[in-house]
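Here the structure comes first, spelled out in structure tokens, and everything after it is commentary.
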Amino acid sequence: MSKLTQKDAYELFHEGVLALSKAEQVGMRIDLNYLHKEKKRITFKVKHLERELHQTKLYKDWEKYFGAKININSSLQLRDILYNKYKLKPINTTAAGFGKTDDETLSQIDVLGLDLILKIRKLQKIRDTYLENFEREQVDGYIHPFFNLHNVITFRSSSDRPNFQNIPKRDKEAMKAVRRAIYARPGHLLMEADFSKLEVSIAACYHKDPTMLKYLTSEHNDMHRDLAAQLFKIDDFDRHIPEYGYLRSAAKNGFVFPQFYGDYYVGCADSLAKWTKLPHSRFSGKEGVTLPNGIPISSHLINQGIKNYNQFENHIKQVEDDFWNRRFKVYQQWKDRWLAAYQRKGYFDSLTGFRYRGIYRRNQVINYPVQGAAFHCLLWSFIQMDKWLFENNMDTKLIGQIHDAMVLDVNPNELQKVYQKIREITTQQLPATWDWIIVPLDISFEITDVDKPWADKYEYEV
DNA sequence: GGAACTCGCCAC
DNA sequence: AAACGTGGCGAGTTCC
């Protein structure tokens, strides 16, 4: 097949809009009774936490400072109390240069009551951003989130009224509280099919770095493991030992992904130190997460010649150099060429035929075509699946999409067929149709049981 | 009373 | 030389 053109891009979005609009019409069933009860429960709990907060010195000082205008939901007032009245030295600052009052910062400040502020914030977020919105948007017990293809600079999608693409997932309490409200139609089940490591795979289709291709092709190679071993200077790194599994996550989320998005060693060192609980000072040997042999990671690093944070940061700088100039040298060369070509031409094209015109920063030029084309893999699959469901008169319906995942409302009698077809479309038909896809694609599934809420999802393997 | 802004936080 | 990409949305705040 020849290179995809802007006409192909147009047709993808044209068909995409039609398929997405059908999903919008189906929508998701909402448990209104639960919504009502959960909102009341949260409101009750918030009131209780507020009463507790009223007993603290923090609240009393706050009241003195702001009088009748006191509002514990105001982060500006809180900022005033912490950094002006208490004169604490800001750990982090906002873009505008003020001391931050976010979760990460507040949990490091030793002032009684801040934990209550955070708990209240979290509960209100669940109630006001999600549950309240579902109730407002529902029609006859169904929400119909919109899926837009015309809003996003990268040619990804967005979703609104309500946004279906930011439903809590990692935080267990928030995940359960929100997803407990969402169901498939009566007698049906929910299914989510996610591409695995899609953006990394699509990036590899642009740069074709042989080391990366090997990581993506071989089951036995593990990039995050290798980076964890290098970042923390561990020779016998076995990812199945829990302490090492944790360091692998730290390497993945604190170094590898940020590097792919364009971060540099200063931010990565800071992030890695947070993950591993290392201080921004001299290491005594007692700080940090514990290794399998029982010693703290700071002690291990001291033995490796890294005696303080500056030396740690410098080590991360060296790993970064090695990452781009040796390990993924071809990837780096592609980035340089890609940027230079944009600077020459004034635009760049995605592998899916989309043309990006405009004034972009370096990281945007590198990231947009990857982010866009990765989503287009999902959209293409979504369209094929929609056609197949229609042509085969299936009762199962597509109902949503989250950048690299599709969500379906499945008739249990069709579960096997649907599962097989999604596998076929995403891992066989897609790479066969778009021959620029030069890495194997993989997809994973989650389902609920019939008439169970989305909170009760579990991994599905045949 | 609404527009535009900051800040915070949820997803990928 | 500079330094993490894309959204939506709520609350609070300020300005008009």
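Below, chains carry the letters A, B, ... as their sequence lines are ordered, and counting in each starts from 1.
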Which class fits the ring pair A:Y59 and A:H54: parallel under 30°, tilted 30 to 60°, perpendicular over 60°? tilted
Heavy-atom closest pair, residues A:D128 and A:E132: O-CB, 3.6 Å
Measuring to OP1 and OP2 of B:dG8, would you say a side-chain N or O of A:K122 lies under 4.0 angstrom away? no
Does any residue of residues 311-345 of chain A have a heavy atom under 4.0 Å from DNA chain B, and if so, which ones, in number order? none
Polar pairs (N or O, both sides) under 3.5 Å between protein and nucleotides 1-7 of chain B?
residue, atom, partner, partner atom, Å
B:dC7, OP1, A:T94, OG1, 3.1

Could you check how far CZ of A:R161 sits from P of C:dG10, rounded to whole Å? 12 Å
Within this structure, what is the CD-to-P distance between A:Q165 and C:dG5, rounded to whole angstrom? 19 Å
Is a donor-acceptor pair below 3.5 Å formed from side chain A:R121 to base B:dC9, judging by atom type as modelled? no
Check every strand shown and say whether A:K125 touches a base, only sugar-phosphate, or nothing at a heavy-atom separation below 4.0 Å. base
C:dG8, OP1 or OP2 - any side-chain N/O from A:N166 closer than 4.0 Å? no
Among A:I109, A:T101, A:D103, which one satisfies side chain to side chain contact (heavy atoms under 4.5 Å, CB included) with A:T105? A:I109
May I ask you to say what A:I153 touches in the nucleic acid, namely base, sugar-phosphate or nothing, with a heavy-atom cut-off under 4.0 Å? sugar-phosphate
Round to a whole Å and report the spacing from NZ of A:K252 to C1' of C:dC4. 17 Å
Need one value for A:R136: base, sugar-phosphate or nothing, where a base atom within 4.0 Å counts as base even if backbone is also close, heavy atoms only. sugar-phosphate
Counting only side-chain N and O atoms of A:S159, is one of them less than 4.0 Å from OP1 or OP2 of B:dA11? no
How many Å lie between CD1 on A:I72 and P on C:dG10, as a whole number? 20 Å
Does A:E199 pair with A:R156 as a salt bridge, N-O distance under 4.0 Å? yes
Positive for side chain to side chain contact (heavy atoms under 4.5 Å, CB included) with A:T43, one of A:R41, A:K40, A:K45, A:K47: A:K47
Residue pairs passing the side chain to side chain donor-acceptor pair (under 3.5 Å) test with at least one member in residues 15-24 of chain A, sequence neighbours excluded, are A:E15-A:K387, A:K22-A:D386
Among C:dG8, C:dC4, B:dC12, which nucleotide has an atom closest to any side-chain atom of A:D404? B:dC12
Between A:K60 and A:E63, is there a salt bridge with N-O shorter than 4.0 Å? no
Just to confirm, is there a sub-4.0 Å distance from OP1 or OP2 of C:dA2 to any side-chain nitrogen or oxygen of A:R362? no
Whether A:F260 and A:F257 hold their rings parallel, tilted or perpendicular, with breakpoints at 30° and 60°: tilted
Scan A:Y368 against the nucleic acid and name what it touches under 4.0 Å (heavy atoms): base, sugar-phosphate only, or nothing. sugar-phosphate
Among C:dC4, C:dG5, C:dA3, the one nearest any side-chain atom of A:R156 is C:dG5
Parallel, tilted or perpendicular, as decided by the 30° and 60° cut-offs, for the rings of A:W275 and A:Y246: tilted
Where the side chain of A:Q364 is concerned, which of B:dA11, C:dT6, C:dG8 is the nearest nucleotide? C:dT6
Base, sugar-phosphate, or nothing for A:G262, non-hydrogen atoms under 4.0 angstrom? sugar-phosphate
Measure the OH-CD distance between A:Y460 and A:E446 for me, rounded to the nearest 0.5 Å. 13.5 Å
Which nucleotide in the list C:dG8, C:dC4, C:dG12 gets nearest to the side chain of A:N163? C:dG8
Report which part of the nucleic acid A:Q371 touches: base, sugar-phosphate, or nothing (heavy-atom distance under 4.0 Å, all strands). base
Once you round to the nearest 0.5 Å, how far does CZ of A:R29 lie from OH of A:Y183? 7.0 Å
Classify A:R361 by what it touches in the nucleic acid, base, sugar-phosphate, or nothing, heavy-atom distance under 4.0 Å. nothing
What's the OH-P distance between A:Y261 and B:dC12, to the nearest Å? 10 Å
Please determine whether a side-chain nitrogen or oxygen atom of A:N133 lies at a distance below 4.0 Å from atom OP1 or OP2 of C:dG10. yes
Euclidean distance, atom CG of residue A:N367 to atom C1' of C:dC4 [Å, nearest integer]: 8 Å
Rounded to whole angstroms, how far apart are NZ on A:K176 and P on B:dC10? 17 Å
Base, sugar-phosphate or nothing for A:Y130? Non-hydrogen atoms, less than 4.0 Å. sugar-phosphate
Please give, in whole Å, the distance from B:dC12 P to A:M175 CE? 12 Å
